[in-house]
Amino acid sequence: MQFPVNIPLGRSSIPVHFVCETLSYFLGYQYYVWLRKHTTDKISAHHRLIIFIGAATGAFIGSHLVGVFENPALLFSHFSIIYFMSNKTIVGGMLGGLIGVELTKKQLGVTASSGDLMVYPLILAMVIGRTGCFLAGLEDGTYGVASNLPWAIDFGDGIRRHPTNLYEIIFWLMIWVVLKLIERKRQFADGARFKVFMTSYLIFRLLVEFIKPDYFFSFGLSVIQLVSIAGILYYYKVFLHPKKLFINHA
């Protein structure tokens, strides 16, 4: 396979990464709409819309803010609006979106979980999006460090690397299956599904960043790892009281 993978279009071509990213938003949203039609939603459609706006705003800011801090040297020597817009990260987007949602819900007086309904659509979007990241090869920057493992992949520069984007796809599929299996036997408390979703991903990113060619920021950790730790600490009650994730936990 030649990286990056593009779709020929006359004398030009369309990056598969762009196609996958577009599909991830479209199909993820369609899945959410379908779930909402088949689920009793405690949040009104009007409030949902406002919460979506809050989430999108927070995700945009968080994604780009964490992205530009990934490489402190470039941040202070080449900072510009173009540099800000061209750097983004999923971890920053998720946590920024979380902050945006919580602030919006506080203003609206909404106490019910808004994230539970988004978990499976987000997982679907992540799988499709990371497929695009993999097919983009070196251009996307989500590959891992050099490796001699049998499944290591040469993304085009002659170096076999950890396909960390594929690792993430496998992670998301596993989380999807595990959540479904749990819900066959137990009922999550309000907001618990989203908490499991978030904490699982933050732990995954904290660990997988050790095999990615990242820029260390402090304590031998990258900015993404430090942000992941902050998110894990935010959800500390999940680890202290795991039984409270379920209804009738006593």
Side-chain angles (χ1 to χ4, degrees), residues 28 31-32 34-45 47-59 62-63 66 89-127 167-168 170-209 221 224-250:
Y31 188 19
Y32 157 76
W34 184 86
L35 286 176
R36 194 166 189 270
K37 286 182 179 179
H38 296 81
T39 305
T40 301
D41 193 356
K42 298 178 181 178
I43 302 176
S44 69
H47 281 173
R48 274 283 178 188
L49 177 60
I50 298 175
I51 291 170
F52 264 127
I53 295 172
T57 303
S63 174
V66 174
T89 173
I90 289 177
V91 171
M94 282 190 169
L95 292 178
L98 173 66
I99 294 172
V101 166
E102 292 304 320
L103 291 176
T104 303
K105 285 170 62 177
K106 186 175 181 180
Q107 291 296 316
L108 296 174
V110 174
T111 57
S113 169
S114 59
D116 284 346
L117 195 58
M118 295 300 301
V119 167
Y120 293 120
L122 282 172
I123 292 176
L124 174 62
M126 292 296 180
V127 170
Y167 296 168
E168 186 163 332
I170 294 171
F171 163 80
W172 284 124
L173 294 175
M174 289 176 60
I175 287 296
W176 197 334
V177 171
V178 168
L179 287 174
K180 286 293 187 181
L181 290 176
I182 290 175
E183 291 184 285
R184 285 184 179 182
K185 299 180 179 180
R186 305 287 298 275
Q187 183 177 354
F188 279 120
D190 188 45
R193 182 194 296 159
F194 185 76
K195 292 176 183 177
V196 173
F197 162 85
M198 282 292 290
T199 53
S200 298
Y201 183 60
L202 291 171
I203 291 172
F204 169 80
R205 285 303 299 266
L206 173 63
L207 297 176
V208 80
E209 292 299 312
L221 300 172
I224 288 181
Q225 287 176 308
L226 293 173
V227 172
S228 296
I229 291 173
I232 292 169
L233 292 176
Y234 175 80
Y235 285 111
Y236 74 95
K237 290 183 181 179
V238 170
F239 305 98
L240 293 182
H241 309 290
K243 291 184 178 180
K244 290 186 177 181
L245 293 173
F246 305 99
I247 293 177
N248 299 325
H249 58 270

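Numbers here are sequence positions counted from 1. Side chains included, hydrogens not; waters and symmetry mates left out as well; all remaining heavy atoms used.
- Atom CG of L202 and atom CD1 of I224 lie 11.0 Å apart (nearest 0.5 Å).
- Contact between G115 and F194 at its shortest, heavy atoms only, is O-CD1, 3.6 Å.
- Take E183 and apply the side-chain hydrogen bond (donor to acceptor under 3.5 Å, both in side chains) test, not counting sequence neighbours, and it matches Y120, R193.
- The side-chain contact (heavy atoms from CB on, under 4.5 Å) test applied to I99 returns L103, not counting sequence neighbours.
- Residue pairs meeting the side-chain hydrogen bond (donor to acceptor under 3.5 Å, both in side chains) criterion with at least one partner in residues 196-205, sequence neighbours excluded, are E168-Y201, Y201-R205, R205-E209.
- Applying the ring pair (Phe, Tyr, Trp, His ring centres under 6.0 Å) test to H38 and every residue at least two apart in sequence or in another chain returns W34.
- Of all heavy-atom pairs spanning G28 and P121, the tightest one is O-CB, 3.3 Å.
- Between Y234 and L95, the closest side-chain pair of non-hydrogen atoms is not below 4.5 Å.
- Evaluation of the side-chain contact (heavy atoms from CB on, under 4.5 Å) rule for A112 yields K42, I43, D190 as partners, not counting sequence neighbours.
- Proximity of W176 to F197: side-chain heavy atoms (C-beta onward) are nowhere separated by under 4.5 Å.
- S63 places a side-chain N or O within 3.5 Å of a backbone atom of T89 that can act as its donor or acceptor partner.
- Between I182 and V196, every side-chain heavy-atom pair lies at or beyond the 4.5 Å cut-off.
- Taken to the nearest 0.5 Å, the OH atom of Y32 stands 15.0 Å off from the CG atom of L124.
- By the side-chain contact (heavy atoms from CB on, under 4.5 Å) test, I203 is found to be paired with L207, I232, F239, residues two or more places apart in sequence or in another chain being considered.
- Shown here are the salt bridge (charged side-chain N to carboxylate O under 4.0 Å, His left out) partners of E102, two or more places apart in sequence or in another chain: there are none.
- To the nearest 0.5 Å, the span separating OG on S228 from CE on M94 amounts to 10.5 Å.
- Listed by chain and residue number, V177, R184 satisfy the side-chain contact (heavy atoms from CB on, under 4.5 Å) test with L181 (two or more places apart in sequence, or in another chain).
- Among residues at least two apart or in separate chains, there is no salt bridge (Lys or Arg N to Asp or Glu O under 4.0 Å) pair with a member in residues 114-124.
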Quick one: side chains of residues 47-54, donor-acceptor pairs under 3.5 Å with protein atoms, not counting sequence neighbours, listed by atom name and distance.
{"unit_1": "R48", "atom_1": "NE", "unit_2": "D41", "atom_2": "OD2", "d": "2.9"}
{"unit_1": "R48", "atom_1": "NH1", "unit_2": "S114", "atom_2": "O", "d": "2.9"}
{"unit_1": "R48", "atom_1": "NH2", "unit_2": "D41", "atom_2": "OD1", "d": "3.2"}
{"unit_1": "R48", "atom_1": "NH2", "unit_2": "D41", "atom_2": "OD2", "d": "3.4"}

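- Here F204 pairs with F171 under the ring pair (Phe, Tyr, Trp, His ring centres under 6.0 Å) rule; sequence neighbours left out.
- The two residues Y235 and L98 make their nearest non-hydrogen contact at OH-CD2, 3.3 Å.
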Can you list the steps and then say if M126 with I90 is a side-chain contact (heavy atoms from CB on, under 4.5 Å)?
-> CA-CA 9 Å; M126 292 296 180; I90 289 177; 3.6 Å; yes
